[in-house]
There are 2 protein chains.
Amino acid sequence: MPNSELSSLGNTSHTAENTQADNALCLENQVCFSLYSAANAMVRAYRPMLDKLDLTYPQYLVMLVLWQEQGISVKTLGDKLFLDSGTLTPLLKRLESKGLVSRGRSDQDERVRVLSLTSAGQALKLEASEIPHLMRCKIGAEIEDLKALKSMCDKALKQLHASIE
Amino acid sequence: MPNSELSSLGNTSHTAENTQADNALCLENQVCFSLYSAANAMVRAYRPMLDKLDLTYPQYLVMLVLWQEQGISVKTLGDKLFLDSGTLTPLLKRLESKGLVSRGRSDQDERVRVLSLTSAGQALKLEASEIPHLMRCKIGAEIEDLKALKSMCDKALKQLHASIE
DNA sequence: GTAATTTAAGTTGTGCACAATTTAATTGTG
DNA sequence: CACAATTAAATTGTGCACAACTTAAATTAC
């Protein structure tokens, strides 16, 4: 029998009929389901820490970018976070109404928003500084494992983006 | 300098002040962001295939479970998918209104829903059978890499669940 | 220089995820 | 038996993600 294994990771031996498709359609063999569940669990794990800052996880990601670099556009932010204006516009409005972010306009190009932090937004960085450490304790993995996980996620993401073309 | 590296994966050398926290709060070093982005991209990649079956990715997951085992409760389904009734009840109603799933009641316990497939729901399995193969092509990774990715996601998920206790 | 095209951001609508709460049925305890 | 506690599912409300579309400004082509 040629190894025409599908996207499942189960073994190819089978005793009943149609087991190949059964294997492929089996929840236990779904890489994507593991990815999806781990991502959900990760967001859940962040929640109690982020609640103290009154941030959601996607809002925290936006703050991470802005703590690093201000004056960027919604487009640039979206390119960094792989999110579109449909997601970011309302999110940024929420951050603005919390007094963390200001949404200016570019002088050169009236279409683009220029995103920057208020002093409160800037100050929040200090309160957030312990989160990465706390989170790493929650995941409780070796740094090498985390590096490997990150690099495989990045690789998968790159491939999936390429497959759209 | 002791290596008190935070959950970032960046190197520990720094030239400016406060670089340790900067490193930890840097988007490029966030394992969780990679996980989150990869999971989003994965769901996006499934969409064109699942559109043909008129299913969303979470609906597809429910169908995967029911193709494997019917007569289970919402609770059991939720335990398998790591989702709660707040997510599953409306999702199952949608699957019911599409004529794929029936939501009966247990005779022994009037509280529990007994989930089963209609003939249309059962038949959809055949149409879905090519999806795992197509998806693996999209991710385009070696099977060993996928196995590693899956096992690390499962490990992270387990840890994150444990850290709630 | 004006019309066609492109681009940035915003809007609308759908479907998750999940916290918090509610409802109703079952189980446990005195 | 009664009544407290537990459990299963549903409900409500918030905030993503994203597709599809709209609006308006900038760019390009002629």
Side-chain angles (χ1 to χ4, degrees), chain A residues 33 36-48 50-51 54-63 72-79 81-98 101 103-115 157 160-161 164, chain B residues 33 36-48 50-51 54-63 72-79 81-98 101 103-115 157 160-161 164:
Chain A
F33 170 60
Y36 162 87
S37 299
N40 283 345
M42 177 276 291
V43 172
R44 241 175 281 149
Y46 264 104
R47 200 178 306 263
L50 292 177
D51 277 350
D54 189 29
L55 291 176
T56 64
Y57 183 68
Q59 289 169 11
Y60 173 67
L61 290 179
V62 168
M63 295 304 286
I72 62 171
S73 65
V74 175
K75 178 74 168 60
T76 304
L77 181 64
D79 287 346
L81 296 180
F82 312 110
L83 295 171
D84 68 5
S85 69
T87 301
L88 290 174
T89 296
L91 190 158
L92 288 164
K93 284 183 178 174
R94 270 171 228 124
L95 288 177
E96 186 181 44
S97 75
K98 287 180 203 180
V101 164
R103 301 162 62 241
R105 288 276 188 196
S106 166
D107 292 333
Q108 293 88 323
D109 190 334
E110 276 294 315
R111 291 171 305 178
V112 335
R113 288 278 186 190
V114 174
L115 304 170
L157 177 64
L160 291 173
H161 280 161
I164 290 172
Chain B
F33 170 60
Y36 162 86
S37 299
N40 283 345
M42 177 277 292
V43 171
R44 242 174 281 149
Y46 264 103
R47 200 178 307 262
L50 292 178
D51 277 350
D54 190 29
L55 291 176
T56 64
Y57 184 68
Q59 288 169 11
Y60 172 68
L61 291 179
V62 168
M63 294 304 285
I72 62 171
S73 66
V74 174
K75 179 77 168 59
T76 304
L77 181 64
D79 287 345
L81 297 180
F82 312 110
L83 295 171
D84 68 5
S85 68
T87 301
L88 290 174
T89 295
L91 190 158
L92 288 164
K93 283 183 179 174
R94 270 172 229 123
L95 289 177
E96 185 181 44
S97 73
K98 288 181 205 181
V101 163
R103 301 162 62 242
R105 289 275 189 197
S106 166
D107 292 334
Q108 293 88 322
D109 190 335
E110 276 294 315
R111 291 171 304 177
V112 334
R113 288 278 186 190
V114 174
L115 304 171
L157 177 65
L160 290 172
H161 280 162
I164 291 172

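Sequence lines set the chain letters: A, B, ... in the order given, protein chains first and strands last, and positions in each chain run from 1. Only this structure's heavy atoms are used, side chains among them; waters, hydrogens and symmetry mates stay out.
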Whole-Å distance, A:Leu91 CG to D:dA17 P, equals 8 Å
When A:Lys98 and B:Thr89 are each assigned the nearest nucleotide of DNA chain D, the 5'-most assignment goes to B:Thr89
Ranking A:Ser73 and A:Val43 by the position along DNA chain C of their nearest nucleotide, the one closer to 5' is A:Ser73
Per nearest nucleotide of DNA chain D, the residue lying toward the 5' end, B:Gly86 or B:Asp109, is B:Asp109
- Message: Determine whether a donor-acceptor pair (one donor, one acceptor, N or O, separation below 3.5 Å) exists between the side chain of A:Arg111 and the base of C:dT7.
- Response: yes
In whole angstroms, the gap separating P of D:dC16 from CG of A:Leu55 amounts to 10 Å
| In terms of the angle between their ring planes, are B:Tyr60 and B:Tyr46 parallel, tilted or perpendicular, with boundaries placed at 30° and 60°? | tilted
- request: Check whether any side-chain N or O of A:Ser85 sits under 4.0 Å from OP1 or OP2 of C:dA9, and answer yes or no.
  value: no
Rounded to whole Å, CG of A:Leu81 lies from C1' of D:dA17 at a distance of 13 Å
Less than 4.0 angstrom between a side-chain N/O of A:Gln59 and OP1 or OP2 of D:dC16, yes or no?
yes
* **Side-chain N or O of B:Lys93 closer than 4.0 Å to phosphate OP1/OP2 of D:dT11** => yes
*Short side-chain to backbone donor-acceptor contact, B:Ser97 and B:Arg94, under 3.5 Å*: yes
query = Between the main-chain N or O of A:Val43 and the side-chain N or O of A:Asn40, is there a donor-acceptor pair closer than 3.5 Å?
reply = no
query: Does a nitrogen or oxygen in the side chain of A:Arg44 sit under 4.0 Å from OP1 or OP2 of C:dC18?
result: yes
When rounded to whole Å, the CZ to C1' distance for the pair A:Arg47 and D:dC16 reads 10 Å
On the nucleotide D:dA10, are OP1 or OP2 found under 4.0 Å from the side-chain N or O atoms that B:Arg103 carries?
yes
Rounded to whole Å, the CG-P distance (B:Asp84 to D:dA10) equals 12 Å
When rounded to whole Å, the CG to P distance for the pair B:Asp79 and D:dT7 reads 12 Å
Margin query: Any N or O donor-acceptor pair under 3.5 Å from the base of D:dG15 to the side chain of A:Thr56?
Written below: no
Winner on side-chain proximity to B:Thr87, out of D:dA17, C:dA17, D:dA25, is C:dA17
Rounded to the nearest 0.5 angstrom, the CZ-CG distance for A:Arg113 and A:Leu88 is 13.0 Å
Here the pair of heavy atoms bringing A:Pro90 nearest to A:Ser85 is CD-O, 3.9 Å
Atom CZ of B:Arg105 and atom P of C:dT26 are separated, to the nearest Å, by 10 Å
Rounded to whole Å, the OH-P distance (A:Tyr57 to C:dC18) equals 14 Å
